Amino acid sequence: MEVDANSQAQFVPRDRRPDALGGFHVLPDEIVCSILTLLSPRDVARLACASSVMYILCNEEPLWMNLCLNNENHELQYKGSWKRTTLNRLQVLSKCDDDPYRKPLHFDGFNSLFLYKRLYRCYTQLNGFAFDQGNVERKTDISPDEFLQQYDAHKPVLISGLADTWAARKTWTPEQLLLKYGTTPFRISQRSAKKLSMKFEDYVSYMQEQHDEDPLYIFDDNFGEVAPDLLKDYNVPNLFPDDYFDVLANDQRPPFRWLIIGPERSGASWHVDPALTSAWNTLLCGRKRWALYPPGRVPLGVTVHVNDEDGDVDIETPSSLQWWLDFYPLLADEDKPIECTQLPGETIYVPTGWWHCVLNLETTIAVTQNYVNSKNFEFVCLDMAPGYQHKGVCRAGLLALSEGHNGEFSSMDDNDNELSRKEKRVKIDDHMEEFCYDINFLTMFLDKDRDHYNSLWSTSNCIGQRELRDWLWKLWIGKPGLRDLIWKGACIALHANKWSNCMEELCAFHNISLPVDEEKFPVGTGSNPVYLVADNVVKIFVEDGLEASIHALGTELEFYSIMQRSDSTLKHHVPNILASGIVFIENGKYKIVPWDGKGVPDVITKNSTIQEIFSDTEYPFGIWSKKLFEYRKADMSLDELVISGGQTNIWPYIITKRCKGKIFADLRDTLSYKEVSNLASFLGRQLHHLHVLPVTPLNDSAYLQMGKELGLNHENDFNEKTNLPKASKVFFTILNRKKKDVSSRLTKWGYPIPSALIEKVNEYLPNDFVELHSLFKDKNGLFQVRNSCSWVHTDIMDDNIHLEQCSSGVNGSNNDKEISSWLPSYIYDFSNMSLGDPILDLIPIHLDIFRGDLQLLNLLLENYGLPFGKRNSWDNGSVVRRISYLTMCYCIIHEENILGAIFGMCKELRSAKSWEEVEETVWGALNNYF
């Protein structure tokens with residue numbers, strides 16, 4: 001039948017987009033939908049009423065999934081749709097339940113390819129999606145030697161038979177796990193910074209009901225703790241016997257094993273395993289499709305972001321299903337990845353640095369572990385070395401060296417240009433014409449000017465800086481047969497050779513015997529290289545640059561001098577200083593100048609990075625110069641602090657007497673509660689002695705010099721009502737400056753600090769810190785500050801407490817018996833000495849040494865015996881400020897991530913609704929002490 005074209009046109013619906021979206025109609029639907037995810041659920045619901053097109057966009061299930069997961073931090077329970085789940089969480093579901101007379105609205109005049117493709121992915125079935133003719137090698141009965149020679153750190157392999165004897169081969173099915181672990185919560189992996197979990201029975205229900213394009217996926221690294229019997233159902237295959245992270249306790253090592261359960265369409269998008277570790281993955285139920293690329297070959301559609309300040313790596317990638325549907329068909333045969341379909345009972349090995357993507361073709365259950373061994377150890381150390389370029393090269397190959405990328409590398413560049421990969425290669429040198437995943441090649445891209453101790457630490461690293469140092473030290477002591485390999489890794493990650501050479505020069509200068517093999521390695525977790533050589537402790541000051549280091553040593557020497565001149569018994573519990581000075585490199589050679597903290601060495605005078613000092617005082621880099629330096633640093637961001645530290649070839653040093661015994665960190669798990677109680681009493685007594693030591697007075701010339709920079713001569717509201725001593729004015733000015741940048745600092749630190757509390761932090765902190773201190777009215781009606789400043793150590797932690805083993809005879813019925821116990825003997829590392837509120841010393845002790853044990857805190861306070869005093873509000877002198885509030889405020893503005901320790905230790909506080917709740921839980925006991 002013929003139809004007139006004009007009459008047909010009149011049936012074409014009018015395009016609703018311009019009228020319904022207004023100015024937004026020029027944006028692609030993908031951008032509009034991304035903008036909607038930034039709104040709150042309530043705002044999305046309101047916006048749905050604005051127009052017909054907004055109604056459509058605002059009722060999309062993927063949008064509500066995003067809104068729900070980004071606003072959820074608790075145990076999740078799916079309610080049949082993501083919109084209903086979100087409304088249930090907001091406790092408004094009963095008000096919004098479906099009206100039987102209300103029908104969904106339908107509109108013509110609107111279509112969207114973006115929404116259609118997303119809907120298609122949500123309902124795609126993968127029955128015929130297997131890649132049975134895979135090109136990953138399949139092996140059976142492979143020997144450890146054959147695996148080591150042919151595959152380990154070289155190429156993937158799919159191995160059958162490794163799990164034949166596991167109980168998990170029969171018991172790890174959804175039905176059987178549901179019977180035994182139905183009420184057990186497991187962690188969920190999804191694209192959100194929030195930490196989610198679901199009871200297994202709820203997750204099974206979700207799998208059966210959902211139609212998500214990228215379904216939730218159980219990816220639980222904690223399953224061995226919540227369901228320990230699961231660990232009995234499998235064992236690590238004999239091909240993977242080593243994991244060098246096993247020298248760390250389970251609560252210290254990075255996540256390494258995962259239970260993985262997911263429905264059809266779920267999976268892991270393109271990634272390289274954390275820290276360039278290797279991995280094995282054994283499938284117990286279902287089928288998985290794998291795609292892999294060798295190191296340096298960025299998959300099509302994937303973008304690698306590397307932050308040029310801290311080396312943080314972020315990978316932007318489509319979901320695994322979207323990649324296979326949208327990008328895979330675009331690849332020429334020679335550009336396609338290595339692929340296979342993994343079947344139940346098979347184990348796939350993924351070498352270090354290899355890109356891989358996984359798609360579950362049906363409901364699957366698997367277990368996987370990442371590990372470090374001799375083949376990938378140096379790569380792991382490389383990935384935690386300071387800088388960023390080497391991280392980009394490890395993942396994106398020579399593409400990471402192309403100009404104009406600004407830390408962003410994507411294989412899309414190759415498709416936008418018809419040049420072949422070979423033609424696109426960046427020729428950086430005659431001997432580096434092609435990318436090679438070889439440690440000697442990759443270390444050429446390290447930033448030699450960046451030092452481990454003075455660089456920002458990437459949040460994408462699998463462990464922290466302290467933990468890295470602790471790990472390498474424990475390997476050095478615990479695996480002496482691997483010391484050649486460990487030394488190579490430590491030189492990459494820590495510049496261990498540089499600091500070892502410096503230490504040996506100091507030993508030679510001070511007639512100390514050269515270190516034996518075991519003594520070559522820096523000890524502990526501290527922020528400066530420290531060496532135990534014979535009866536000496538050699539410490540090189542590096543942290544935060546030269547100016548911070550010279551103040552750290554200058555103040556420590558000043559404090560030591562005051563302590564030695566006093567009659568305080570504290571001197572018997574602080575190691576003797578044997579030597580101190582400055583070591584520097586001049587014309588390629590080390591030079592050493594002794595320095596006792598008095599005067600200014602010529603090498604420092606000539607250094608243009610050191611700002612104005614108090615040259616007319618006995619200790620020009622002593623406590624008051626340090627307080628001025630603290631003020632300058634107080635409102636700097638983390639990035640600015642690192643930049644201000646700069647790079648230098650000048651380092652202060654100190655040599656002290658080595659103590660007998662062990663540090664508390666090494667003994668913690670072996671001590672009896674009585675021995676730890678003795679430590680708490682000891683710390684209380686020593687804090688008492690520390691806090692009553694005389695403080696260096698602030699002379700008029702130094703005060704005038706500080707006043708110009710700190711603005712102390714400008715009267716403000718509290719100055720008019722309080723008669724503050726000079727020292728107190730400096731102290732409060734620094735505290736107030738620290739709180740200016742607090743919200744951005746907490747945001748930078750991120751998890752586990754709750755984002756909801758970060759938003760409220762400025763409301764919680766006082767307008768002025770002088771409000772929080774002990775005040776009384778003098779005869780003129782002015783408020784005076786009482787007990788505002790004393791010497792404070794600020795860093796009494798488990799690695800700065802020494803204990804000695806003592807034996808005592810006990811008369812037995814037959815023989816006299818010797819009973820030994822560990823008694824505290826020394827406190828050391830006074831490089832962080834400052835002047836401030838005595839409460840500052842309680843914070844690291846309670847959180848790090850006592851780990852929140854209130855009985856130990858009370859025992860310390862009983863032996864401390866000094867009053868903290870009531871904290872009266874300065875405006876009328878009658879409103880009592882709780883000591884817990886003051887302490888919580890100190891934690892918040894602290895330059896170290898104290899809050900990370902609090903929320904790491906007290907996981908239940910991550911769901912706290914207010915700072916007051918956190919304050920009461922952690923510090924409420926202090927309110928009973930005056």
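Quantities reported herein were computed from a predicted structural model and do not represent experimental measurements. Along the sequence shown, the residues carry numbers beginning at 1. Reckoned from all heavy atoms, side chains included, excluding hydrogens, waters and symmetry mates.
Side-chain atoms of Asp335 never come within 3.5 Å of backbone atoms of Leu331 as a donor-acceptor pair (strictly under, hydrogens ignored). In terms of modelled atom types and a separation under 3.5 Å, the side chain of Thr794 and the main chain of Asn832 share a donor-acceptor contact. Side chain of Gln465 to backbone of His452: a donor-acceptor contact under 3.5 angstrom is found. Side chain of Asn454 to main chain of Val542: a donor-acceptor pair is present (N/O by atom type, distance under 3.5 Å, no hydrogens or angles). Checking side-chain atoms of Trp270 against main-chain N and O of Gly301 turns up no donor-acceptor pair under 3.5 Å. A donor-acceptor pair is defined here as one N or O able to donate and one able to accept, closer than 3.5 Å; such a pair exists between the side chain of Ser911 and the backbone of Glu908.
Between Arg253 and Glu467, none of the side-chain N atoms (NZ, or NE/NH1/NH2) sits under 4.0 Å from a carboxylate O, so this pair counts as no salt bridge. A salt bridge between Asp212 and Arg121 is absent, with no side-chain N of the basic residue lying under 4.0 Å from a carboxylate O of the acidic one. Salt bridge status for Asp312 with Lys391: absent, with no side-chain N to carboxylate O gap under 4.0 Å. Between Arg466 and Asp470 no salt bridge is recorded (no basic side-chain N to carboxylate O distance below 4.0 Å). Salt bridge status for Lys739 with Glu763: absent, with no side-chain N to carboxylate O gap under 4.0 Å. The residues Arg469 and Asp799 are annotated as not salt-bridged, no charged nitrogen and carboxylate oxygen being separated by less than 4.0 angstrom. Salt-bridge formation is detected for the pair Asp221/Arg187: a Lys NZ or Arg NE/NH1/NH2 atom is positioned less than 4.0 Å from an Asp or Glu carboxylate oxygen.
Side-chain contact of Arg910 with Tyr751: a donor-acceptor pair under 3.5 Å is present, judged by distance alone. For the residue pair Asn497/Ser500, the side-chain donor-acceptor check at 3.5 Å is not satisfied. In summary, the side chains of Asn373 and Asp152 do present a donor paired with an acceptor at a separation below 3.5 Å, with no hydrogens or angles considered.
Residues Trp354 and Phe379 keep their aromatic ring centres 6.0 Å or farther apart. In this structure, Tyr293 has its ring center at least 6.0 angstrom away from the ring center of Trp355. Ring to ring, His356 and His271 are close: their centroids are under 6.0 angstrom apart. With ring centers used as reference points, Phe223 lies 6.0 Å or more from Trp258. In this structure, the ring of Phe186 has its center no less than 6.0 angstrom from the ring center of Phe219.
Expressed to the nearest 0.5 Å, how far CD1 of Ile260 lies from CG of Asn360 amounts to 8.5 Å. Rounding to the nearest 0.5 angstrom, the gap separating the NZ atom in Lys498 from the SG atom in Cys491 is 12.0 Å. Arg450 CZ to His390 NE2: the interatomic distance, rounded to the nearest 0.5 Å, is 9.5 Å. The CG atom of Leu456 sits 8.5 Å away from atom CG of Asn307, with the distance rounded to the nearest 0.5 Å. To the nearest 0.5 Å, atom CG of residue Asp451 and atom CD of residue Glu543 are 11.5 Å apart. To the nearest 0.5 Å, atoms OH (Tyr217) and OG (Ser320) are separated by 8.0 Å.
For the pair Leu216 and Leu76, the minimum side-chain heavy-atom distance is below 4.5 Å. Looking only at side-chain heavy atoms (C-beta outward), Phe541 and Ser831 come within less than 4.5 Å of each other. Using a 4.5 Å heavy-atom threshold, the side chains of Ile843 and Cys891 count as touching. You'll find the side chain of Ser458 stays beyond 4.5 Å of the side chain of Met384, heavy atoms only. Residues Trp471 and Gln252 are not in side-chain contact: their nearest non-hydrogen atoms beyond the backbone lie 4.5 Å or more apart. At a threshold of 4.5 Å between non-hydrogen side-chain atoms, the residues Asp795 and Met797 count as touching. The shortest distance between side-chain heavy atoms of Asn250 and Phe256 falls below 4.5 Å. Using a 4.5 Å heavy-atom threshold, the side chains of Leu847 and Met905 count as touching.
Using bins of under 30°, 30° to 60° and over 60° for the plane-to-plane angle, the ring pair Phe629/His551 lands in the parallel bin. The aromatic rings of Phe435 and Phe441 sit perpendicular to each other, their planes meeting at more than 60°, with 30° as the lower class boundary. In this structure, Trp280 and Phe240 have parallel ring planes: the angle between them is below the 30° cut-off, well short of the 60° mark. The aromatic rings of Trp651 and Trp499 sit perpendicular, their planes meeting at an angle over 60°, well past the 30° parallel limit.
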Item to check | Trace of the side chain to side chain contact (heavy atoms under 4.5 Å, CB included) decision for Phe245 with Ile463 | outcome: CA-CA 11 Å; Phe245 276 130; Ile463 54 177; 4.2 Å; yes
Item to check | Test log, rule salt bridge (charged side-chain N to carboxylate O under 4.0 Å, His left out), inputs Glu895 and Arg745 | outcome: CA-CA 9 Å; Glu895 59 269 17; Arg745 183 185 291 263; over 6 Å; no
Checklist entry - Can you check side chain to side chain contact (heavy atoms under 4.5 Å, CB included) on Ile540 and Asn528, steps first, answer last? => result CA-CA 6 Å; Ile540 304 169; Asn528 297 286; over 6 Å; no
Next on the checklist: Before you tell me yes or no, could you show the steps for Val761 and Trp915 under side chain to side chain contact (heavy atoms under 4.5 Å, CB included), namely the whole-Å CA-CA distance, both residues' side-chain angles and the distance that decides it to 0.1 Å?
Outcome noted: CA-CA 8 Å; Val761 69; Trp915 286 106; 3.9 Å; yes
Next on the checklist: Quick one, Cys462 with Asp383, criterion side chain to side chain contact (heavy atoms under 4.5 Å, CB included). Give me CA distance, side-chain angles, the key distance, then yes/no.
Outcome noted: CA-CA 10 Å; Cys462 67; Asp383 203 51; over 6 Å; no
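Atom CD of Glu30 sits in a sparse spot, with 12 or fewer heavy atoms from other residues, nucleotides or ligands closer than 6.0 Å.
Only one option out of Asn376, Asp273, Asn281, Thr352 pairs with Asn370 in a side-chain hydrogen bond (donor to acceptor under 3.5 Å, both in side chains); it is Asp273.
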